[in-house]
Number of protein chains: 2
Amino acid sequence: MRRDVFQAIADPKRRAIIALIAVQAMTPNAIAENFNTSRQSISKHLKILSECDLVKQEQQGREIHYSLKIEKLKEVDAWIEQYRQIWESRFDQLDNVLSNLKKDKK
Amino acid sequence: MRRDVFQAIADPKRRAIIALIAVQAMTPNAIAENFNTSRQSISKHLKILSECDLVKQEQQGREIHYSLKIEKLKEVDAWIEQYRQIWESRFDQLDNVLSNLKKDKK
DNA sequence: ATTTTACGAAACCAAATAGTTGCATATATT
DNA sequence: AATATATGCAACTATTTGGTTTCGTAAAAT
């Protein structure tokens, strides 16, 4: 079973859950109320997010509050960073082309 | 069938393919040589990447050269951006705490 | 002209996934 | 003590996925 951040964020419902619990810790029931899905389905997604180390749990009585381990998303940021550098350098190249054109005009 | 960038980058082999063709356009066969998988399996991944609008093809004789549509990855960057803001602001808060501690020392 | 090469497409398979239903358990509420 | 609530877990199903095998086609090499 593959378990990494990229697999975790592949599902749109999980991305929605991430967006919710990034703001504040929430119980599975509270999360489920925000979608039209069953609590169990949310629980399953939370389990996957948990296995991917993207959420932390805090038990309060019979409630379990889930919140986002936002640091984990830095892995995605680190991955995209290399490509960001490529597209930024391409933009720089275009920039150079443009400024060279201006020079030539003078 | 879900087809978006997040689903495209969920598979580690597809991320490896992306890394390869980001540098230069490659044929399915050439890509396959970089892994120990069949050409057909690579072809399938390329098809998915194509459906997600992450690659462009260029036919040259009987060869088809695939290269990365790097702009598409900006969608991932845009998504992660909101969370980057959160962790950066948290870091700022920590920064404030630290500088306040320093002040108190004086 | 025949053979080899590069490729996509379809059929097939095993494993994984998303979801449901039906439990069991622990904590509140009455 | 009895009931209601919050949750996880296991079993089950349909769908999707990654991969292989087989085939057809078109271009290149012989």
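Here is how names work: the chains are called A, B, and so on, in the same order as the sequence lines, proteins then strands, and each is numbered from 1.
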inquiry  = Whether Lys44(B) contacts dA9(C) is assessed here as follows: a side-chain N or O lying under 4.0 Å from the phosphate OP1 or OP2. Is that the case?
reply    = no

Any side-chain N or O of Lys13(B) under 4.0 Å from OP1/OP2 of dG19(D)?
-> yes

Between CG of Asp11(A) and C1' of dT15(D) the distance, given in whole Å, is 13 Å

note: Ile17(A), atom CD1; dA18(C), atom C1'; distance rounded to Å ~ 12 Å

**Asked** Do Trp79(B) and Ile70(B) share a hydrophobic cluster, counting only Ile, Leu, Val, Met, Phe, Trp and Tyr and linking them when any side-chain heavy atoms are less than 4.5 Å apart?
**Response** yes

Here the distance between atom P of dA9(C) and atom CG of Leu46(B), to the nearest Å, is 12 Å

**Prompt:** Is there a side-chain contact between Tyr83(A) and Asp77(B) (heavy atoms, below 4.5 Å)?
**Reply:** no

In whole angstroms, the gap separating P of dG8(C) from CD of Glu51(B) amounts to 13 Å

- Looking at dG8(D), does its base get a donor-acceptor pair with the side chain of Arg39(A) below 3.5 Å? yes

Side chain to side chain contact (heavy atoms under 4.5 Å, CB included) test vs Leu54(B) passes for just one of Val5(B), Leu46(B), Asp4(B), namely Val5(B)

Do the side-chain N or O atoms of Ser38(A) get closer than 4.0 angstrom to the phosphate oxygens (OP1, OP2) of dG19(C)?
no

Exercise. Test for a donor-acceptor pair under 3.5 Å between the base of dT7(D) and the side chain of Arg62(A), counting only N and O atoms.
Key: no

When rounded to whole Å, the CD to C1' distance for the pair Gln57(B) and dG8(C) reads 10 Å

So Gln60(B), base contact, sugar-phosphate only, or nothing? Heavy-atom distance under 4.0 Å.
nothing

Determine whether any donor atom in the side chain of Gln40(B) lies under 3.5 Å from an acceptor atom in the base of dT22(D), or the reverse, and answer yes or no. yes

If only side-chain N and O atoms of Ser41(B) are considered, is one of them under 4.0 Å from the OP1 or OP2 phosphate oxygen of dG18(D)?
no

Please determine whether a side-chain nitrogen or oxygen atom of Asn29(B) lies at a distance below 4.0 Å from atom OP1 or OP2 of dT5(C). no

From the candidates dT17(C), dC7(C), dC9(D), the one with an atom nearest any side-chain atom of Gln7(A) is dT17(C)

In whole angstroms, the gap separating C1' of dA9(C) from NE2 of His45(B) amounts to 16 Å

Of dG19(D), dA9(C), dG18(D), the nucleotide closest to the side chain of Ile48(B) is dG18(D)

Rounded to whole Å, CZ of Phe6(B) lies from C1' of dT17(C) at a distance of 19 Å

| said: Less than 4.0 angstrom between a side-chain N/O of Arg14(B) and OP1 or OP2 of dT17(D), yes or no? | reply: no

When every non-hydrogen atom of Arg14(B) is compared with those of Ala8(B), the smallest separation belongs to NE-O, 2.7 Å

task = Please determine if a side-chain N or O atom of Ser43(B) lies less than 4.0 Å away from the OP1 or OP2 oxygen of dC7(C).
result = no

Rounded to whole Å, CD1 of Ile42(A) lies from P of dG8(D) at a distance of 12 Å

Exercise for review: Flag the pair Ile64(B) / Thr27(B) as yes when at least one side-chain heavy-atom distance between them is below 4.5 Å, and no otherwise.
Suggested key: no

> Looking for any heavy atom pair under 4.0 Å, which part of the strands does Glu63(B) touch: base, sugar-phosphate only, or nothing?
Replying inline: sugar-phosphate

Would you say a side-chain N or O of His65(B) is under 4.0 Å from OP1 or OP2 of dA6(C)? no

(Q) Looking at Glu81(B) and Arg84(B), is there a salt bridge between them, counting it only when a charged N and a carboxylate O are closer than 4.0 Å? (A) yes

Does Gln59(A) reach a base, just sugar-phosphate, or nothing at all? Heavy atoms under 4.0 Å. nothing

Does Thr37(B) place a side-chain N or O at less than 4.0 Å from the phosphate oxygens OP1/OP2 of dG18(D)?
no

